[in-house]
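Beneath this line is the structure, given in structure tokens, with notes to follow.
Just so you know, these numbers use all the heavy atoms, side chains as well, and skip hydrogens, waters and symmetry mates. Chain A is the first sequence line, chain B the second, and so forth, proteins listed ahead of strands; every chain is numbered from 1.
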Amino acid sequence: MNKQFEAVYALVRQIPAGKVATYGQIARWLGWDHGARTVGWALRSAPAGVPWHRVVNGRGAISLFDDGEQRLRLESEGICFNALGRIDLKVYGFDGFVKV
DNA sequence: GGGCTGACTGACG
DNA sequence: ACGTCAGCCAGCC
């Protein structure tokens with residue numbers, strides 16, 4: 001487990017229920033201006049306890065192929081999807097990350 | 001050490 | 001708003 005990975009998990013854990021964050025947002029928060037992909041990769045190995053389902057791509061859509069499950073989890077947390085199956089980041093976007 | 005892959009993003013048409 | 005192209009980062013052959 002790398003330190004940077006833990007930083008990602010720490011940030012994701014800060015996302016409260018009913019809110020979501022984007023890969024790029026987390027990436028930039030960590031200083032990886034163009035390493036959003038790495039964030040997704042870190043989440044790929046995310047340990048239990050990390051609400052990875054609250055992380056979506058910059059367009060507010062689920063990039064993961066198992067969108068069925070992820071979407072279900074988000075909806076059970078009070079997050080509504082629009083007709084196009086995307087999340088309104090202006091409403092559910094979370095930006096209250098705190099440095100650890 | 002070299003090259004490929006991926007849970008992304010921004011720009012362009 | 002959607003599809004395509006190119007760029008960046010870290011891990012795994």
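- For the pair A:Trp29 CH2 and C:dC9 P, the computed distance is 20 Å after rounding to whole Å.
- Counting to the nearest Å, the P atom of C:dC2 and the CG atom of A:Asn57 are 12 Å from each other.
- Atom pair A:Gln25:CD and B:dT9:C1' shows a separation of 13 Å (rounding to whole Å applied).
- Considering only side-chain atoms of A:His34, the nucleotide from C:dC8, C:dA10, B:dC8 that sits closest is C:dC8.
- Across all strands shown, C:dC2 is found opposite B:dG13 as a Watson-Crick or G-U wobble partner, with both distances under 3.5 Å.
- Across all strands shown, C:dC13 forms a Watson-Crick or G-U wobble pair, both distances under 3.5 Å, with B:dG2.
- Distance from the side chain of A:Thr38 is smallest for C:dC9 among the nucleotides C:dC9, B:dG10, B:dC8.
- Side-chain contact between A:Pro51 and A:Tyr9 is absent, with no heavy atoms from C-beta onward closer than 4.5 Å.
- Atoms OH (A:Tyr23) and P (B:dT9) sit 8 Å apart, rounded to a whole Å.
- Between the CZ atom of A:Arg59 and the C1' atom of C:dC2 there is a distance of 10 Å, rounded to whole Å.
- For B:dC8, the paired base is C:dG7 (Watson-Crick or G-U wobble, both distances below 3.5 Å).
- Between A:Arg37 and A:Trp41, the one whose closest nucleotide on DNA chain C sits nearer the 5' end is A:Arg37.
- With rounding to whole Å, A:Leu89 atom CG is found 12 Å from C:dA1 atom P.
- The side chain of A:Arg86 lies closest to C:dC2, out of B:dA7, B:dC8, C:dC2.
- Across the protein-nucleic acid pair, A:Asp33 atom CG and C:dC9 atom C1' stand 12 Å apart, rounded to whole Å.
- Between A:Trp32 atom CH2 and B:dA7 atom C1' there is a gap of 14 Å when expressed in whole angstrom units.
- Donor-acceptor pairing under 3.5 Å is lacking for the side chains of A:Gln70 and A:Trp52.
- The pair A:Glu77-A:Lys19 fails the salt-bridge criterion, with no side-chain N (NZ, NE, NH1 or NH2) lying under 4.0 Å from an Asp/Glu carboxylate O.
- Although no hydrogens or angles enter the test, the distance criterion places a donor-acceptor pair under 3.5 Å between the side chain of A:Arg54 and the main chain of A:Ile15.
- Proximity of a side-chain donor or acceptor of A:Gln25 to a complementary backbone N or O of A:Phe94 within less than 3.5 Å is detected.
- Looking at the side chain of A:Leu84, the nearest of the listed nucleotides B:dA7, C:dC2, B:dT9 is C:dC2.
- For A:Trp52, whose side chain is taken as the heavy atoms from C-beta onward, the closest listed nucleotide among B:dA7, C:dC2, B:dA11 is B:dA7.
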